[in-house]
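Structure first, commentary second.
Atoms considered below: every heavy atom in the structure, side chains included; atoms not considered: hydrogens, waters and symmetry mates.
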Amino acid sequence: MKYLACLSLAFMVGATGSADQLPSKVRSGAYIEMIAQRGVECGHLSQWESLSLRAMALQDREGWSQAHVESLKTETAKRVAETECDAEMLTLWIEGARKGFDIEMLPPYLVAYKTLSRMEDPPHAFSAVALRLDKEPVISVIDAKLAELAATGRPAEGGKTWPDYIEYTGEAILKLTQQLEGEGGDQAAAWIAQSARIVETWYEEEIR
């Protein structure tokens, strides 16, 4: 996800007027929120890609003051209203980010879904969102996607081989579930729920 975060800064253009006085994190956050919304509305992004961007943006604004959140809402609405579907600030960012979605953003969610589905007693944060009784069809499509990514010859995030990445990430997910009752449990539960929603959405779009 570092690639996409850097890309947002590279493509973000300075807004005029009152936005000049906004902190850079508010302007960049509004840019990502605009991409997530207008990308879907204009047919440039799938729903799962938009959800992934919103999840990334939510994580980035952890600890923000309420004043910054309100500024973000105002600036996002302004950017959404001003951005046409053919605007380069929208289309060029999405074109540049396209490979990053599959290589960086999707795999941890896929591994998380498969790992959590195979648990004897999955966390409630997962089960409450991944409602389908039989998850094997989803896991089958997940396995096919991971095999497809491995076949590209590109390494997984961190330069790992895909088998190593899948094993490492699966172990990390299991450790994450152990944090649910301790400090940071809310954040862990939120990420688990987000991963379930993103993969369920991705699966529905994948099989259409």
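The disulfide (SG to SG under 2.5 Å) pairs that include a residue from residues 52-81 number zero, where partners must be two or more places apart or lie in different chains. Residue pairs meeting the ring-ring contact (aromatic ring centres under 6.0 Å, His included) criterion with at least one partner in residues 122-151, sequence neighbours excluded, are Y113-F126. The ring-ring contact (aromatic ring centres under 6.0 Å, His included) pairs that include a residue from residues 53-89 number zero, where partners must be two or more places apart or lie in different chains. The list of disulfide (SG to SG under 2.5 Å) pairs with a residue in residues 63-92, not counting sequence neighbours, reads C42-C85. A salt bridge (charged side-chain N to carboxylate O under 4.0 Å, His left out) check over residues 173-190, counting only residues at least two apart or in different chains, returns nothing. Screening residues 187-208 for salt bridge (charged side-chain N to carboxylate O under 4.0 Å, His left out) gives R132-E200, R132-E204 as the qualifying pairs, with residues at least two apart or on separate chains.
Under the 3.5 Å distance criterion, the side-chain polar atoms of T74 are matched with a main-chain donor or acceptor of E70.
Cluster annotation: M119 and V199 are assigned to the same hydrophobic cluster (Ile/Leu/Val/Met/Phe/Trp/Tyr, side-chain heavy-atom contacts under 4.5 Å, transitive). Following chains of ILVMFWY side-chain contacts shorter than 4.5 Å, one can reach L174 starting from I142, so the two form part of one hydrophobic cluster. V129 is not connected to L106 by any chain of hydrophobic side-chain contacts under 4.5 Å among Ile, Leu, Val, Met, Phe, Trp and Tyr, and they are in different clusters. Residues M105 and Y168 fall into different hydrophobic clusters, defined by Ile, Leu, Val, Met, Phe, Trp and Tyr side chains chained together at heavy-atom separations under 4.5 Å. In this structure, I139 is not a member of the same hydrophobic cluster as W162, with clusters built from ILVMFWY side-chain heavy atoms closer than 4.5 Å.
Annotation: side-chain hydrogen bond (donor to acceptor under 3.5 Å, both in side chains) contacts of Q47 (sequence neighbours excluded): none. For Y203, the ring pair (Phe, Tyr, Trp, His ring centres under 6.0 Å) criterion is met by no residue, not counting sequence neighbours. Every residue two or more places apart in sequence or in another chain that forms a side-chain hydrogen bond (donor to acceptor under 3.5 Å, both in side chains) with T161 is listed here: D164. Qualifying side-chain hydrogen bond (donor to acceptor under 3.5 Å, both in side chains) partners for K135, counting only residues two or more places apart in sequence or in other chains: none. When the side-chain hydrogen bond (donor to acceptor under 3.5 Å, both in side chains) test is applied to R118, the partners found at least two apart in sequence or on another chain are E136. Annotation: side-chain contact (heavy atoms from CB on, under 4.5 Å) contacts of S71 (sequence neighbours excluded): L22, V26.
To the nearest 0.5 Å, atoms CG (L51) and CD (Q194) are separated by 9.5 Å. One finds the OG atom of S195 at 10.0 Å from the CG atom of L110 (value rounded to the nearest 0.5 Å). For the atom pair CG (L45) and CD1 (I94), the distance works out to 4.0 Å, reported to the nearest 0.5 Å. The CZ atom of R38 lies 12.0 Å from the OG atom of S50; values are rounded to the nearest 0.5 Å. For the atom pair CG (D60) and NZ (K25), the distance works out to 10.5 Å, reported to the nearest 0.5 Å.
Salt bridge present: E33 and R61 bring a charged side-chain N and a carboxylate O closer than 4.0 Å. A salt bridge links R98 to E49: at least one charged side-chain nitrogen sits closer than 4.0 Å to a carboxylate oxygen.
Scanning all heavy atoms of the two residues, the minimum distance from S127 to P122 falls at OG-CB, 3.7 Å. The nearest pair of heavy atoms linking L176 to A188 is CD1-CB, 3.6 Å. In this structure, P108 and T169 approach most closely via the heavy-atom pair CA-CG2, 4.2 Å. For the residue pair S46 and V40, the shortest heavy atom distance occurs at O-CG2, 3.7 Å. Counting all heavy atoms, side chain and backbone alike, P107 lies closest to L149 at CG-CD1, 3.9 Å. Nearest heavy-atom pair, A125 versus A189, reported as atom, atom and distance to 0.1 Å: CB-O, 3.5 Å.
A heavy-atom distance below 4.5 Å is not found between the side chains of Y109 and W202. When side chains are defined from C-beta on, T76 does not count as touching Y31, because their heavy atoms never get closer than 4.5 Å. A heavy-atom distance below 4.5 Å is found between the side chains of M89 and M34. Side-chain contact check for P163 versus E167: every heavy-atom pair is 4.5 Å or farther apart. Put simply, the side chain of T177 does not reach to within 4.5 Å of the side chain of T115, judged on heavy atoms. Two residues are said to be in side-chain contact when any heavy atoms from C-beta on lie closer than 4.5 Å; W191 and I173 meet this criterion. Put simply, the side chain of E75 does not reach to within 4.5 Å of the side chain of L72, judged on heavy atoms.
When only modelled atom types and interatomic distance are considered, E41 and Q37 share a side-chain donor-acceptor pair under 3.5 Å.
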Chi angles and distances behind the side-chain contact (heavy atoms from CB on, under 4.5 Å) call for K99, E104: CA-CA 8 Å; K99 289 182 179 179; E104 289 192 11; over 6 Å; no

Working for side-chain contact (heavy atoms from CB on, under 4.5 Å), residues I32 and W93: CA-CA 10 Å; I32 291 298; W93 188 94; 3.9 Å; yes

Verdict with reasoning, L180 to I192, per side-chain contact (heavy atoms from CB on, under 4.5 Å): CA-CA 10 Å; L180 290 171; I192 287 171; 4.1 Å; yes

Full working for side-chain contact (heavy atoms from CB on, under 4.5 Å) between D102 and K145: CA-CA 9 Å; D102 267 12; K145 182 62 177 182; 2.9 Å; yes

